[in-house]
Engineer: 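Once you've had a glance at the structure underneath, I'll fire off some questions.
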Amino acid sequence: AVAHTWPLVTGLASLSRTDNADTALNAWILAWVAHQLPLAPLQLFDANIFYPEPRTLAFSEHMVVQGVMGLPLFALGLSAVTVYNLLVIVGFATSGLAMTIVVERWTGSARAGLVAGIAYAFNAHTLVRFGHMQALHVQFLPFAVAALHDLVDRPAWRTAWRMAAAVALQALTSNYLLVMTALAMVSAAASHPMAWFGRDGRRRLVMTGAAALVCGLVLLPFLLPYYHAKQAQGLVRPFDEVAHYSGQWRDYLATGGRLHYALWSHHWFPFSTPLFPGLTVLALTGYALAARETWQAHRSRALVAIAVVGVVLSFGAAVPGYRWLYDHVTLLQGIRGVVRLGWLALFSLAALAGLGVARLERRWPAHGVAIATVAAVLVTLEAARTPMPFTPVTPTPAIYRHVAALEAPVLLEMPFPSPDTIQDNGPYVLASATHFQAMLNGYSGFTPPSYHLHAAVAKRLPSASAVREMGLLGATHIVTHGRRLGPEVESQLEATGTVRLIAREGEDRLYAILPPP
């Protein structure tokens, strides 16, 4: 994980991709969850952005699992960027470790498990998702699928609860992964139908149903805010938007791995969601599936089923019947980048590649170490993008120390971006991880109608009427950033007589909005 993210470990507090608004948003989410969960868990979703809207955390991923993982790191006083970077490395490492454990258990070969773990954690898709923490923590899906197979082999309540725990934990890392995990589990279960109707079939069904019920009860408090946001805000991805982000054939040929990118993938990479599994993984998978005993194992059939379902559904609007699924399956209405469902194929192919390594080891037992070493090196070289293009982290402006000392303010950050440039709020959102004060600004996967109203008023700033109207809309304080505004704007703002200067740090200023006369 350190090698694939190099040079991140050399600058955990000073390097990142926070120049990308999504990275800034996700770093803030981790900080918000770690801040709010111990203090007021019932108000977890009432985040400090997009005042006065409720449940604003539901406008994006909640990432509760990652936030809990970051809790002790925040308690040590680490910054949101540092915690984010550490959890990037931890996500890669634990995801690879999980697949290694599962495939080693299936095959009896630690080397086969290691190759599968490398292929699973570090691939064309995950290595371009550094700004999306939710895509990097996939350490629970291998355990969920393995538990389902164990339940089929030997029905036991302990196995059912283990499956429920793995599914729930994976679903709590990401809403996308909630959908992907559900698809994977249904596909795996459907790949061996006789298990549910043959000997012990009723017992398996009861155990699986009980596990699903417990899992649903665990997830319900985290799903209800999204339901309420959907009802109140219309938080649904329009089907036209889903169609725009549906998969194309070129996605499965795209990779950012330096080797393939230089040779041929640069033709497709800039315009695609990279899903190329790698030639080594494809060759090992083919070798595994060429054996009769592979197809006789229900776990192999399940992996193939998961891959097929993921690939087919990744084409979204182009798939006959997907519109019907979209209209009737509520979870799909929150998925914009349906092409990402193709990641399920990478999950399955990584596990099948491990089975391929195990078969090669059985055929040439004297060369097991060499086989696994060559396979691991080739998989790594095909995916590698190091050194990664991180950017220096901009220090948090000192003005926010004064903001943190205020008692229950509502901030207006200037300049206030328009809805078309709402990503420019990324630095404001990230900076709010140092104070968590309510703010009219915000950035997320969904923009509420109230933001459009605030942006329309902000266009008239720094006029006195606009400042007073912002006050009526709930703002109590204004933070200005002179580097982006220009000194004349701040002078004009002060000349209106509607604000009082509280603090100045460099080119940044904090004002209180005065009550109307």
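Just the heavy atoms: all of them, side chains too, but no hydrogens, waters or symmetry mates, feed the values below.
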Engineer: Mind running side chain to side chain donor-acceptor pair (under 3.5 Å) on Gln134 and Gln66 for me, showing each step along the way?
Structural biologist: CA-CA 8 Å; Gln134 60 269 38; Gln66 295 95 319; over 6 Å; no
Engineer: Find out whether Leu253 and Ser265 are in side-chain contact, i.e. whether some heavy atom of one side chain is under 4.5 Å from a heavy atom of the other.
Structural biologist: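 Side chain of Leu253 against side chain of Ser265, heavy atoms only: no contact under 4.5 Å found.
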Engineer: Can you find a heavy atom in the side chain of Leu148 that is under 4.5 Å from one in the side chain of Phe143?
Structural biologist: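 No, too far: nothing below the 4.5 Å cut-off.
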Engineer: To the nearest 0.5 Å, what is the distance between CG (Leu331) and CG (Leu325)?
Structural biologist: 12.0 Å
Engineer: Among all residues two or more places apart in sequence or in another chain, which pass the side-chain contact (heavy atoms from CB on, under 4.5 Å) test with Leu360?
Structural biologist: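 Scan of Leu360 (side-chain contact (heavy atoms from CB on, under 4.5 Å), adjacent residues dropped) gives Leu284, Tyr287, Trp364, Ile371.
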Engineer: When you measure from the side chain of Asn85 to the backbone of Leu12, do you find a donor-acceptor pair of N or O atoms at a distance under 3.5 Å?
Structural biologist: yes
Engineer: Can you check whether Arg17 reaches Met388 side chain to side chain, under 4.5 Å on heavy atoms?
Structural biologist: no
Engineer: For this output row, return yes or no: ring centroids of Tyr226 and Phe45 closer than 6.0 angstrom.
Structural biologist: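 Aromatic pair counts; centres sit under 6.0 Å.
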Engineer: Using the test side-chain hydrogen bond (donor to acceptor under 3.5 Å, both in side chains), find all partners of Thr173 that sit at least two apart in sequence or belong to another chain.
Structural biologist: Gln170
Engineer: Are any non-hydrogen side-chain atoms of Arg323 and Asp327 less than 4.5 angstrom apart?
Structural biologist: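 Side-chain contact under 4.5 Å: yes.
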Engineer: Give a yes or no on whether the backbone of Tyr176 and the side-chain of Arg340 come within a donor-acceptor separation of less than 3.5 Å.
Structural biologist: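 Judged by distance alone, no pair lies under 3.5 Å.
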Engineer: Check Ala433 against Ala31 and note the closest heavy-atom contact, atom names and distance.
Structural biologist: CB-CB, 3.7 Å
Engineer: Are Tyr252 and Phe276 close enough that their ring centers fall under 6.0 Å?
Structural biologist: no
Engineer: What are the two closest heavy atoms between Leu430 and Ala80, and how far apart are they?
Structural biologist: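 Result for this residue pair: CD1-CB, 4.1 Å.
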Engineer: Knowing that exactly one of Tyr326, Trp324, Tyr245 qualifies, which makes a ring pair (Phe, Tyr, Trp, His ring centres under 6.0 Å) with Phe239?
Structural biologist: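 Considering Tyr326, Trp324, Tyr245, a ring pair (Phe, Tyr, Trp, His ring centres under 6.0 Å) with Phe239 is found only for Tyr326.
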Engineer: Which is it for Phe140 and Val167 under the side-chain contact (heavy atoms from CB on, under 4.5 Å) test, yes or no, and what are the steps along the way?
Structural biologist: CA-CA 7 Å; Phe140 304 107; Val167 170; over 6 Å; no
Engineer: Can the ring centres of Phe390 and Phe130 be said to be less than 6.0 Å apart?
Structural biologist: yes
Engineer: Of the non-hydrogen atoms in Ile89 and Thr5, which two are nearest, and what is the gap between them?
Structural biologist: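 Ile89 and Thr5 have their closest heavy atoms at CG1-OG1, 3.9 Å.
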Engineer: Parallel under 30°, tilted from 30 to 60°, perpendicular over 60°: which one fits the rings of Tyr261 and Phe269?
Structural biologist: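 Taking Phe269 first and then Tyr261, their aromatic rings stand perpendicular (interplane angle over 60°).
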Engineer: Tell me every residue that passes side-chain hydrogen bond (donor to acceptor under 3.5 Å, both in side chains) with Gln36, counting only those two or more places apart in sequence or in another chain.
Structural biologist: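 Per chain and number, Gln36 pairs via side-chain hydrogen bond (donor to acceptor under 3.5 Å, both in side chains) with no residue.
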Engineer: Measuring from Leu114:CG to Thr373:OG1, what's the distance to the nearest 0.5 Å?
Structural biologist: 9.0 Å
Engineer: Which heavy atom in Ser191 sits nearest to a heavy atom in Ala305, and how many Å separate them?
Structural biologist: CB-CB, 4.0 Å
Engineer: How close do Ala13 and Val81 get, heavy atom to heavy atom, and via which atoms?
Structural biologist: O-CG1, 4.4 Å
Engineer: Could you tell me which residues satisfy side-chain hydrogen bond (donor to acceptor under 3.5 Å, both in side chains) with Trp264, sequence neighbours excluded, listed by chain and number?
Structural biologist: His260
Engineer: With a 4.5 Å cut-off on side-chain heavy atoms, are Ser444 and Thr56 touching?
Structural biologist: no
Engineer: Using only atom types and a distance under 3.5 Å, with no angle test, would you say the side chain of Thr294 pairs donor to acceptor with the backbone of Ala288?
Structural biologist: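 Yes, the answer is positive, given that a donor and an acceptor are paired below the 3.5 Å cut-off.
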Engineer: Could you please spell out the steps behind the side-chain contact (heavy atoms from CB on, under 4.5 Å) verdict for Val338 and Ser314?
Structural biologist: CA-CA 5 Å; Val338 65; Ser314 73; 5.8 Å; no
Engineer: For Asn26 and His132, does a side-chain donor sit closer than 3.5 Å to a side-chain acceptor?
Structural biologist: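 Their side chains do not contain a donor-acceptor pair, so the 3.5 Å distance test is not met.
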Engineer: Would you find a donor on one side and an acceptor on the other, under 3.5 Å apart, between the side chain of Trp157 and the backbone of Met207?
Structural biologist: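 Side chain of Trp157 to backbone of Met207, a donor-acceptor pair under 3.5 Å: no, none is there.
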Engineer: Taking only residues two or more places apart in sequence, or in another chain, which ones meet Phe436 in a ring-ring contact (aromatic ring centres under 6.0 Å, His included)?
Structural biologist: Trp32, His35
Engineer: Report yes if some heavy atom in the side chain of Tyr443 is under 4.5 Å from a heavy atom in the side chain of Ile49; otherwise report no.
Structural biologist: no
Engineer: Rounded at 0.5 Å granularity, tell me how far CG in Asn175 sits from CD in Glu61.
Structural biologist: 4.5 Å
Engineer: Using the side-chain contact (heavy atoms from CB on, under 4.5 Å) rule, take Arg385 and His4 through it: C-alpha gap first, then chi angles, then the decisive distance, then the call.
Structural biologist: CA-CA 7 Å; Arg385 299 188 66 214; His4 275 287; over 6 Å; no
Engineer: Can you see whether Phe271 has Arg250 sitting over its ring - NZ or CZ less than 6.0 Å from the centre and within 45° of the normal?
Structural biologist: no
Engineer: Quick check for you: to the nearest 0.5 Å, what is the distance between Lys230 atom NZ and Tyr227 atom OH?
Structural biologist: 7.5 Å
Engineer: Side chains of Arg258 and Pro387, heavy atoms from C-beta outward: is any pair under 4.5 Å?
Structural biologist: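 Arg258 reaches Pro387 side chain to side chain.
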Engineer: My understanding is that only residues two or more places apart in sequence, or in another chain, count here; which of them pass ring-ring contact (aromatic ring centres under 6.0 Å, His included) with Trp6?
Structural biologist: none
Engineer: Would you compute the distance between atom CG of Leu151 and atom NE2 of His149 and round it to the nearest 0.5 angstrom?
Structural biologist: 10.5 Å
Engineer: Quick one: does any side-chain atom of Ser95 pair with a main-chain N or O of Val138 as donor and acceptor, under 3.5 Å?
Structural biologist: yes
Engineer: Just wondering, do Phe59 and Thr447 contact through their side chains at under 4.5 Å, heavy atoms?
Structural biologist: no
Engineer: For the CG atom of Leu30 and the CG atom of Leu25, what is their distance to the nearest 0.5 Å?
Structural biologist: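 Interatomic distance, Leu30 CG to Leu25 CG, rounded to 0.5 Å: 9.5 Å.
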Engineer: Is a side-chain N or O of His137 found less than 3.5 angstrom from the main chain of Leu87, in a donor-acceptor match?
Structural biologist: yes
Engineer: At their closest point, which heavy atom of Thr10 faces which heavy atom of Pro7, and how far apart are they?
Structural biologist: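 Shortest heavy-atom separation between Thr10 and Pro7 comes out as OG1-O, 2.5 Å.
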Engineer: Does Asp200 use its side chain to pair, donor to acceptor, with the backbone of Arg203 at less than 3.5 Å?
Structural biologist: no
Engineer: Taking Leu275's backbone N and O only, do any of them form a donor-acceptor pair with Asn123's side chain (distance below 3.5 Å, no angle check)?
Structural biologist: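 The answer is no, because no donor-acceptor pair under 3.5 Å joins these two groups.
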Engineer: Less than 4.0 Å between a side-chain N and a carboxylate O, is that true for Arg299 and Asp150?
Structural biologist: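 Judged by the 4.0 Å cut-off on N to carboxylate O distance, Asp150 and Arg299 do not form a salt bridge.
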Engineer: Going by the side chain to side chain contact (heavy atoms under 4.5 Å, CB included) test, name the single residue among Glu361, Arg362, Arg359, Glu104 that passes it with Ser109.
Structural biologist: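 Answer after filtering Glu361, Arg362, Arg359, Glu104: Glu361.
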Engineer: Looking at Asp46 and Arg55, would you say the former's side chain and the latter's main chain have a donor-acceptor pair under 3.5 Å?
Structural biologist: yes
Engineer: Apply the side chain to side chain contact (heavy atoms under 4.5 Å, CB included) test between Leu344 and each candidate in Leu183, Thr181, Leu303; give the one that qualifies.
Structural biologist: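 Exactly one candidate clears the test, Leu183.
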Engineer: List the steps and the verdict of side-chain contact (heavy atoms from CB on, under 4.5 Å) for Ser300 and Trp295.
Structural biologist: CA-CA 6 Å; Ser300 302; Trp295 287 100; 6.0 Å; no
Engineer: Do any N or O atoms from the side chain of Trp196 and from the backbone of Ala189 form a donor-acceptor pair under 3.5 angstrom?
Structural biologist: yes
